[in-house]
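Worksheet: the structure to be examined is printed underneath.
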Number of protein chains: 2
Amino acid sequence: MPEKKRERRDPELRRAEILKAALACFAERGFAATRMEDVAARAGIAKGTVYLHFPDKERLFIELVSGIASPILGEVGGMIQNETIPARTVVSMFYSLFKREVLETERRHMLRLILAEGPMFPVVTEFYHREIITKGLAILRVVLGRAAARGELRNPAVAEVPQLVMAPALMTVVWATLFEGYEHLDAQKLLDTFLNTIFVPEGGAK
Amino acid sequence: MPEKKRERRDPELRRAEILKAALACFAERGFAATRMEDVAARAGIAKGTVYLHFPDKERLFIELVSGIASPILGEVGGMIQNETIPARTVVSMFYSLFKREVLETERRHMLRLILAEGPMFPVVTEFYHREIITKGLAILRVVLGRAAARGELRNPAVAEVPQLVMAPALMTVVWATLFEGYEHLDAQKLLDTFLNTIFVPEGGAK
DNA sequence: TGTTAATGACTGTCCAGTCAGTCATATTGA
DNA sequence: TCAATATGACTGACTGGACAGTCATTAACA
């Protein structure tokens with residue numbers, strides 16, 4: 001049996017290839033059901049090679065889910081510097097970024113993986129809470145606080161429970177990864193409807 | 001080595017005990033990481049005994065998640081027969097039931113398990129979509145449709161995306177099972193705030 | 001005494017992680 | 001320019017442990 005042709009690579013590149021393959025495998029079958037050989041095969045290399053780049057399966061997983069800390073927060077966080085931008089615009093931008101950068105990419109599976117495997121990897125959950133959730137909520141509190149003060153919110157109490165604004169985004173990901181195959185959900189419509197519900201109608205004009 | 005004392009049981013009862021033990025184990029560690037011996041030990045029996053009641057691990061899991069089809073839908077479904085009840089009351093009742101019967105019981109873990117392991121068990125996902133999601137959304141469509149017609153909704157378009165009403169409930173479960181240990185979320189407040197946001201204020205009195 | 005629930009040692013399989021050996025490429029020196 | 005040599009990325013057969021599922025034996029009850 002002839003050995004497959006060997007191909008040398010820039011380690012940096014190899015690493016990225018392995019991570020990409022791992023994302024596909026973990027997203028498809030979860031942590032436990034993914035075999036290191038699957039990841040290797042998908043990356044077009046032998047099993048041993050994976051271990052030249054990652055010490056073990058758990059670390060491969062953790063590196064993967066930690067590396068997704070997307071630039072979304074940075075962009076939205078930057079927007080709130082400008083106090084004149086209406087809160088609705090900021091939240092709408094957040095949803096758009098979320099849709100384009102997470103929901104419509106492979107990253108949506110990562111989010112499901114964190115929900116799914118989180119309790120098995122407290123390190124990951126803690127990282128996400130600290131780096132993503134806390135920061136995201138802080139930004140939302142600022143934005144919604146201003147909106148409440150300006151009368152942009154139909155119900156000012158929303159500013160006290162920013163998790164409520166994240167709920168529709170969470171729903172779109174859960175639906176997309178579980179039920180989309182059985183019944184379509186228009187994520188854009190869901191998010192837009194929510195925006196139209198929490199914010200007072202613009203201008204009252206037409 | 002003395003064998004542990006054997007205790008005979010009504011098969012019906014044994015079955016229930018095993019399911020209870022399995023729920024605790026699966027909720028704690030997920031499907032893959034749960035050993036059949038763990039389930040047996042937790043139920044106070046030997047491993048072989050589990051196999052007298054369930055053919056294999058997968059079937060045990062499926063029976064478990066399928067058997068949670070709670071009476072919530074029945075109760076709420078019954079309420080919509082009476083057209084005079086305000087939509088807000090119906091949705092509020094739905095949230096209360098959800099909170100008492102799912103969020104504050106072991107079942108909250110079942111919900112997380114379905115999110116987590118769903119893609120590995122299409123049978124389970126399909127069952128949930130067909131038996132729970134579809135029926136729940138149908139009820140919500142009726143209730144929200146009426147509400148829109150009566151002017152009870154701040155934004156009538158909500159009636160077209162009933163998933164939006166499920167989103168806050170989903171958020172409370174996800175938060176409770178992942179982040180509650182790091183940061184408390186007042187589920188009641190979140191749900192109440194949402195109700196106050198989508199429904200027009202009552203009477204305008206006070 | 002016969003019937004059946006219950007037991008737990010056992011078996012076969014699967015897979016994470018290892019490591020001795022291989023080969024593509026780079027470097028050296030003529 | 002072209003061997004000769006060195007380097008380390010890459011390979012995949014192998015090992016050790018874990019665990020799902022089995023079944024011969026044992027104990028409980030009628």
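All heavy atoms count here, side chains included; hydrogens, waters and symmetry mates do not. Each chain gets a letter, A, B and so on, in the order its sequence line appears, and its residues count up from 1. Predicted model, so just to flag it, every value in this text is computed and none were measured.
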message: Measure CG/Asp10(A) against P/dA26(C) and give the value in whole Å, please.
response: 12 Å
message: Can you tell me if His53(A) touches the phosphate of dC10(D), counting only side-chain N or O atoms and a distance under 4.0 Å to OP1 or OP2?
response: yes
message: Whole angstroms only, please: what is the CZ-C1' distance between Phe54(B) and dT22(D)?
response: 19 Å
message: Using a strict threshold of under 4.0 Å (side-chain N to carboxylate O), is an ion pair present between Arg35(B) and Asp38(B)?
response: yes
field: Glu7(B) CD to dA5(C) C1', straight-line distance once rounded to whole Å
entry: 12 Å
query: Per the side-chain contact (heavy atoms from CB on, under 4.5 Å) rule, which among Val158(A), Asn155(A), Thr197(A), Leu164(A) passes with Phe194(B)?
result: Leu164(A)
message: At less than 4.0 Å, is any side-chain N or O atom of Arg9(A) found next to OP1 or OP2 of dA24(C)? Yes or no.
response: no
- request: Would you mind classifying the nucleic acid contact of Arg35(A) as base, sugar-phosphate or nothing, using non-hydrogen atoms under 4.0 angstrom?
  value: sugar-phosphate
task: Considering only NZ, NE, NH1 and NH2 on the basic side and carboxylate oxygens on the acidic side, decide whether Arg42(B) and Glu28(B) come within less than 4.0 Å.
output: yes
task: Report the distance from atom CZ of Arg14(B) to atom C1' of dT7(C), rounded to the nearest whole Å.
output: 12 Å
task: Send over the distance from Tyr51(A) OH to dA9(D) P, rounded to a whole Å.
output: 18 Å
- request: Determine whether any donor atom in the side chain of Arg8(B) lies under 3.5 Å from an acceptor atom in the base of dA28(D), or the reverse, and answer yes or no.
  value: yes
statement: Among dA20(D), dT18(C), dT11(D), the one nearest any side-chain atom of Lys47(A) is dT18(C)
statement: Phe61(B) atom CZ is separated from dA20(D) atom C1', nearest whole Å, by 17 Å
query: Should Thr49(A) be listed as having a side-chain N or O under 4.0 Å from OP1 or OP2 of dT11(D)?
result: yes
- prompt: Below 4.0 angstrom, N of the basic side chain to O of the carboxylate: do Arg108(A) and Glu104(A) qualify?
  reply: no
query: Quick one: Glu37(B) CD to dT22(D) P, roughly how many Å, whole number?
result: 15 Å
- prompt: Is Lys57(B) touching bases, backbone alone, or none of the nucleic acid, heavy atoms closer than 4.0 Å?
  reply: sugar-phosphate
- request: Kindly point out which of dG12(D), dA9(D), dA5(C) is positioned nearest to the side chain of Ala46(A)?
  value: dG12(D)
- line: Rounded to whole Å, CE of Met36(B) lies from P of dA20(D) at a distance of 7 Å
- request: Flag the pair Glu152(A) and Arg88(A) as a salt bridge only when some basic side-chain nitrogen lies within less than 4.0 angstrom of an acidic carboxylate oxygen.
  value: no
